[in-house]
Amino acid sequence: MSERAVRLTQAGGPDVMQVQTVEVGDPGPGEIRIRQKAAGLNFIDIYQRSGVYDIPMPSGLGLEGAGVVEAVGEGVTHLRVGDRVAYASQPIGAYATARVMPARCVVRLPDGLSFAQGAAMMLKGLTVQYLLRKTLPPGGLQAGDAIVFHAAAGGVGLIACQWAKALGLRLIATAGSDAKCELALAHGAAVAINYQRENFADRVKEITGGEGVKVVYDSVGASTFEGSLACLRPFGLMVSFGNASGKVPPVPITALATKGLYLTRPSIFHHLSSREATQAMADDLFQVVSSGQVKISVEQRYALEDVQRAHREMESRSTTGAGVLMLD
Ligand code: NDP
């Protein structure tokens, strides 16, 4: 079967991504073939395309998608031909009109959700799931606790604003413009700081009456790391889960000493280690979405052929919320 897919032979700028005709075969044992309807655009795709994260070349791109099961390999029992499905998973290769992949990474998409929503919510929503539900300071988080969440108007960020509110947390958002701050507030953030204009660590101290917060969720990396540590109260948890502004330089352990801080650098893929774990996290996500507590809106839609523009817009910080490639 001839299909269209984004391929790259080397790391580099957006122009290394080319849409090519590829052959997609039948699924082997434990695999399925998906007729893809939409693929999620994620900042991790930029790290992989640009060489911030090394990937074997030549390669496809994309880790999130939604579509219809078209063929099922031997031994697959939880999915059938015709099922509407979604996933957030390796192997790389979601920017494609069809693909074969391990069935254990794939879950059924609830009926009320469109393919675009499915492709917009899995990697980002499951990330928020493991961050707010499992990546917690000693003693956990209680309703009323303040947390800092950087880049809160982005794809992961807008889901985090809503989910934190549903959990009763006071999410202090940071974002790169006043308009983005407004968006974070409209999605449930308690306070929003434009960190291009203001020193966010000073503002967080002010907002918390000098106490600081129990957790900072930091996906911005190099430009925010130090300020994030300053936002924490004694025994607080620093969650460094991305590097949109560049990799965090090596951190001396003594940087944690003044307040007895905890530091973790998690990845979603450790959490999606089995079919059961993936399904349990997805069920939690689908529950907050079906209850209306978290709304999944798709802010940017592109054709597969516009993938270079999609990456340029994401990298230049001109996007908000989630973006998808529409594959029909
Ligand atoms: P976003 O839509 O949030 O886009 C990234 C945002 O980072 C930008 O919109 C921008 O928001 C902010 N940013 C700050 N500094 C820069 C900079 N110098 N260049 C570009 N952007 C900058 O992306 P995603 O929702 O896809 O992902 C959010 C983050 O979460 C990413 O860092 C990603 O790698 C990470 N992530 C980590 C996972 C994990 O398990 N470890 C899993 C999934 C995502 P603003 O203008 O408001 O500053």
Side-chain angles (χ1 to χ4, degrees), residues 14 39-50 52-53 61-64 87-90 92 94 119-135 148-163 172-185 187 189 192-198 200 216-225 227-228 238-248 263-273 278 281 285 296-300 310-325:
L41 289 156
N42 289 285
F43 220 83
I44 189 173
D45 307 339
I46 293 175
Y47 306 145
Q48 293 179 328
R49 187 214 73 218
S50 64
V52 172
Y53 294 168
L61 209 63
L63 294 162
E64 182 179 33
Y87 61 87
S89 151
Q90 289 162 335
I92 299 169
M121 71 189 281
M122 291 298 287
L123 186 59
K124 300 162 193 74
L126 296 180
T127 296
V128 176
Q129 199 278 343
Y130 87 72
L131 290 175
L132 296 185
R133 303 289 245 174
K134 301 187 199 168
T135 314
V148 169
F149 207 104
H150 290 307
V156 172
L158 287 186
I159 296 176
C161 289
Q162 299 175 77
W163 205 329
I172 302 175
T174 66
S177 71
D178 291 345
K180 286 185 177 185
C181 285
E182 287 302 320
L183 196 62
L185 290 169
H187 282 77
I193 304 167
N194 177 345
Y195 56 7
Q196 297 274 60
R197 232 174 354 95
E198 289 191 275
F200 71 85
V216 177
Y217 295 100
D218 187 338
S219 65
V220 173
S223 69
T224 48
F225 188 86
S228 296
M238 170 69 185
V239 183
S240 175
F241 71 102
N243 22 255
S245 69
K247 278 187 180 170
V248 177
L263 167 64
T264 183
R265 204 315 180 182
S267 160
I268 187 173
F269 298 113
H270 298 135
H271 288 277
L272 303 177
S273 55
T278 303
M281 287 172 69
L285 171 63
I296 304 295
S297 57
V298 180
E299 301 296 330
Q300 290 83 215
H311 272 221
R312 283 197 188 94
E313 291 181 2
M314 240 197 309
E315 268 174 300
S316 66
R317 302 168 78 163
S318 55
T319 59
T320 55
V324 298
L325 298 171

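Start at 1 and go down the list; that is how both ligands and their atoms are numbered.
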For residues 317-325, tabulate all N or O donor-acceptor pairs below 3.5 Å that involve a side-chain atom, not counting sequence neighbours.
unit_1 : atom_1 : unit_2 : atom_2 : d
Ser318 : OG     : Glu313 : O      : 3.1
Ser318 : OG     : Ser316 : OG     : 3.1

Any donor-acceptor pair under 3.5 Å linking the side chain of [X] with the backbone of [Y]?
| X | Y | result |
| --- | --- | --- |
| Gln162 | Leu158 | yes |
| Tyr217 | Leu131 | yes |
| Tyr47 | Ala244 | yes |
| Ser245 | Ser223 | yes |

> If you round to the nearest 0.5 Å, how far is OH of Tyr53 from OG of Ser267?
Replying inline: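 Rounded to the nearest 0.5 Å, the OG-OH separation comes out at 8.0 Å.
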
> Can you name the residues that come within less than 4.0 Å of ligand 1, going by heavy atoms only?
Replying inline: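 Correct list: Asn42, Phe43, Tyr47, Thr127, Tyr130, Ala151, Gly154, Gly155, Val156, Ala175, Gly176, Lys180, Tyr195, Ser219, Val220, Phe241, Gly242, Asn243, Ala244, Ser245, Arg265, Pro266, Ser267, Ile268, Glu315, Arg317.
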
